[in-house]
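Reviewing the structure listed below.
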Amino acid sequence: MAKSTVKSSPKTLDIIKNDPWLKDYEAAIVGRHRHAEDKIAELTQNGKCSLSDFASGYLYFGLHRTATGWVFREWAPHATEIYLIGDFNDWKESPKYQLKRIKDTGNWEIKLRGKALKHGDLYKLKIHWEGGCGERIPAWCRRVVQDEQTKIFSAQVWAPEQPYVWKKKTFRPNTAPLLIYECHIGMAQDAEKVGSYNEFRENVLPRIAADGYNCIQIMAIQEHPYYGSFGYHVSSFFAASSRFGTPEELKQLIDEAHKRGIAVIMDIVHSHAVKNEVEGLGNFAGDPCQYFYSGGRREHPAWDSLCFDYGKNEIMHFLLSNCKFWLDEYHFDGFRFDGVTSMLYYSHGLGEAFCNYGDYFNGHEDDNAICYLTLANVLIHEVNPKAITIAEEVSGMPGLAAPFKSGGYGFDYRMAMNIPDYWIKTIKEKKDEDWKPSSMFWEVTNRRADEKTISYCESHDQAIIFRLIDADMYWHFKKGDENYAVERGIALHKMIRLLTASTINGGYLNFMGNEFGHPEWIDFPREGNGWSHKYARRQWNLVDNKELCYHYLGDFDKAMLDIIGKEKNIQKSPVTEIWHNDGDQVLAYSRNDLIFVFNFSYARSYTDYGFMVPQGAYDVVLNTDAPAFGGHGLNDDSLRHLTNFDPLLARDGKGWLKLYLPARSAMVLRRAQEDKKTENE
């Protein structure tokens, strides 16, 4: 493992060179950069060890087998006594299972013989402190289970005789481009229940591979007491949720994904933690602020959760070790960091407008959290240079997805959260005739030139198809029985997805089922719905049923990804606008040899609509109006389109490409390769 190197900040960082408007805030940007450099130097003892060496706490803390038995360690500086209690001692305190404080530290330790514990035993810590005591689940434990009858959570000794043997030893993600399938293991099946890692591997993974996605982003992996939290109220940060199966079954899922060429990243939640004390870290050893900020900053005002104190080296150690653990132990290929906006600002971004650059450098930012995020990215790429990191961030903080050496925070990508918000707002508030192609094009291409983004039109908390069609999905989605609302919804769903996916500068994301227009919003089991799983599942039978319209959307998504995925590094090619006319509601742009043409008018079709493009022949490679995708087939897509000669354009090597553009449709054309070869010769 290479050691972390620390370099002094250059006079002018690249992110400032790339964006002169940041010059006025150079002192703040350089200050944050040096803060991270200084922290790396501190944690690595000025380079005597690597950041990866520092972030190996999971190899020390928690429960481990040794050559002669077991060793268990925990960080609990305010504890006065700690006991292991569990199946092995009838859940009672006993001297044999009493931990000892390691001299001059806040750490506690116990060493046990091999027969003292066995695989599958349930256990907890009984912690005493000045003025009280309580049962706690160890902070570093790797396995937590819930009793079905009592609903009580306990840690579990997990030491199978045969550890999982990885079949795919090495893996390199395909990011040219990155096509992400966001998913949730528990709701990934038709049955009204919680799904498993094995069911996902056997039933869903083949679908994802067949559809052309090269990455899955799994939600709700870290253990969380309340299933309905969608995995965002984490209690045990090192434990893969046992409600979906065993650690070996998760490893097998990841191994199988890698064999299929699919990268696996996880939603990692370091922005906050569940408030629970018995199951979580809320009051671990008599100190409510052992892991969290004190005073008014301890509780998140909107999420009913607790906020980590990123200024403590012990918390830096805990969270950085958590990042390395998932890479090392489970072979995850990276992370999508949840709630980054909440981490960056003292206000958590609540009530902030972020209208100008000054809003990012006004002293309202949490420099400790910024430092942590920066170090997390440095660490992750030190452990695995090909790892993927994505920031879920809505404020637009400059430099978030710029390299650390350039003065950024080091994320590989940031979520383009403006795009789904734009589509929902447009669908809700604008009449069809008021949809403006110029506005759409600006929205999907509005990003910083030096930062890659993940574009998406909906994720797990949006449902575009239901907003477009509403209840008619229940009554008119059978082929031959479509009404106007259904035809409109199907057409716009395809166009919105094509416009979003084809303009990426980094990657594209879809939540499972949305590709075929899965109906309704997600609603996890809760008291208000009678603890029903009806809306916390995916009805794959809908897309499999060729008598329903869902397969049109699923087939279109597959065809769309086939074109985008095979256009190697399409995300790096310029998106060049050819034409837009808001009155006609027509938009055209090019990427490499591909031309994308949209007619958003609901009533007007255009004959011989012309665009100035490089001379040559063009073939239709995708058409949203094709009958195979639920369209009317008003074009003959087998025809080759030739540009018309114009002496005024010929000197620039261009001609007129004239097309028939049916209302509410889009097509993709590719320039004939023989024309490109002739031009190059």
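Side chains included, hydrogens not; waters and symmetry mates left out as well; all remaining heavy atoms used.
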Within a radius of less than 6.0 Å around NZ of K151, do more than 12 heavy atoms belonging to other residues, nucleotides or ligands occur?
yes

Centroid-centroid distance, [X] to [Y], less than 6.0 Å:
{"X": "Y345", "Y": "F354", "result": "yes"}
{"X": "F404", "Y": "H381", "result": "no"}
{"X": "W326", "Y": "F335", "result": "no"}
{"X": "F511", "Y": "Y456", "result": "no"}
{"X": "F411", "Y": "F337", "result": "yes"}
{"X": "H317", "Y": "F54", "result": "yes"}
{"X": "Y535", "Y": "H518", "result": "no"}
{"X": "H184", "Y": "F244", "result": "yes"}
{"X": "F237", "Y": "Y58", "result": "no"}
{"X": "Y291", "Y": "W75", "result": "yes"}
{"X": "W303", "Y": "Y232", "result": "no"}

Using the six-membered ring wherever Trp is involved, compare the ring planes of H128 and Y83 and label them parallel, tilted or perpendicular (cut-offs 30° and 60°).
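The arrangement is perpendicular - the two ring planes meet at more than 60°.
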
Apply salt bridge (Lys or Arg N to Asp or Glu O under 4.0 Å) to the pair E329 and R142, showing each step before the final yes or no.
CA-CA 10 Å; E329 181 69 19; R142 303 187 186 187; 3.6 Å; yes

Looking at Y413, does the NZ or CZ of K452 lie under 6.0 angstrom from its six-membered ring centre and within 45 degrees of the ring axis?
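Yes - K452 lies over the ring of Y413, closer than 6.0 Å to its centre and within 45° of its axis.
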
Would R243 pass as a cation-pi partner of Y227, given that its NZ or CZ must be under 6.0 Å from the six-membered ring centre and within 45 degrees of the axis?
no

